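As the structure lists them, so they are numbered: ligands from 1, and atoms in each ligand from 1. The model shown is predicted, which means the values in this text are computed figures rather than measured ones.
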Amino acid sequence: MIRLGVNIDHVATIRQARRATEPDPVAAAVIAMLSGADNITLHLREDRRHIQDRDLRVMREVIHNNLNLEMAATDEMLEIACSVKPDQATLVPERREELTTEGGLNIIAYHDVIANAIERLKAKDIHLSLFIDPDLDQVDISKRLGADAVELQTATYSEAKTFSEKEKSLEKLRAATEYAISRGLHVHMGHGLNYHNVQAITAIAGVEELNIGHSIISRAVLVGLATAVREMKEAMHQSS
Ligand code: PXP
């Protein structure tokens, strides 16, 4: 069964809209886990636009064995991660001006920075995933740098406007998955997945984990978080 990591960042986005104390992403994480989430994913960004340092610390106390921290490979984030010790760290690119993470890491261009980050996180026994484009060279270097997993970005797939664009992006995801598995890497995917486009992704053999945020939290506003998480688990296991 493919694991579902629920990204709870946007619960914090609502709180930060008022700089208030509610809704608390920690409460959301507990409800998500009780409703069938396998992991909780959160992204502590440099500008602290949603998740705050306190959220990560409290989340670490409450969520056992299932905490995935998305983070940029900066000194500040590495210090925080090495002290809080999430179960898994997913290294992502980060630019202040972007609305959300916009593409995979370029581990060819940032080889040394990422190599250093991997070394520091793995020394703390943190499972290491790299968020990359479905590109065979990026998969190769991820393996050489010592990553445990790659999270293949599905933004290109989820934003495809035509049938043929969609098919082309799915083909890249399939090829990168097969290659990553042959190199001994675990394969995760995420970005832009929703209740309607997730089935083609779960149909790809070998994918172990999906990280999904915006569509689940959006549905949760209308139907409640427990229902939204349960419905996503159902959608993941419907055939495409
Ligand atoms: N995976 C990664 C690496 C991400 O940066 C994000 C967005 O924070 C997600 C998954 C979830 O994306 P979405 O909110 O579009 O489901």
Donor-acceptor contact present, side-chain Asn66 to main-chain Ala37, <3.5 Å
no
Using a plain distance cutoff, I'd like to know if Gly213 has any nitrogen or oxygen under 3.5 Å from a nitrogen or oxygen of ligand 1.
yes
Can you sort out which atoms of ligand 1 are near Phe131, meaning under 4.0 Å from one of its heavy atoms?
3 (C)
Between Thr90 and Leu130 (side chain of the first, backbone of the second, donor and acceptor by atom type, cut-off under 3.5 Å), is there such a pair?
no
Check against side-chain contact (heavy atoms from CB on, under 4.5 Å), Leu78 and Met71:
CA-CA 8 Å; Leu78 286 165; Met71 54 178 279; 3.7 Å; yes
Do any nitrogen or oxygen atoms of His10 come within less than 3.5 Å of a nitrogen or oxygen of ligand 1?
no
Determine yes or no for a side-chain-to-main-chain donor-acceptor pair under 3.5 angstrom, with Arg19 supplying the side chain and Gln16 the backbone.
yes
Asn7 neighbourhood, listing ligand 1 atoms whose heavy-atom distance to it stays under 4.0 Å
8 (O)
Within ligand 1, which atoms have a heavy atom of Asn211 less than 4.0 Å away?
10 (C), 11 (C)
Short N or O distance, Thr90 and ligand 1, threshold 3.5 Å exclusive:
no
Taking atom CG of Leu4 and atom CG of Asn7, what is their separation to the nearest 0.5 Å?
10.5 Å
Test item, Gly192 contacting ligand 1 (heavy atom, 4.0 angstrom):
yes
May I ask you to say whether Asp55 pairs ionically with Arg48, meaning some side-chain N is under 4.0 Å from a carboxylate O?
no
Using a 3.5 Å cut-off on N or O atoms only, is Glu70 in polar contact with ligand 1?
yes
Which of the numbered atoms in ligand 1 are below 4.0 angstrom from a heavy atom of Val92?
3 (C)
Against heavy atoms of His214, which atoms of ligand 1 measure under 4.0 Å?
13 (P), 14 (O), 16 (O)
Region of Glu151 engaging ligand 1 - heavy atom pairs below 4.0 Å:
side chain
Taking all non-hydrogen atoms of both residues into account, name the closest pair between Ala180 and Val150 and its distance.
CB-CG2, 4.0 Å
Can Asp125 and Lys85 be counted as an ion pair, charged N to O under 4.0 angstrom?
no
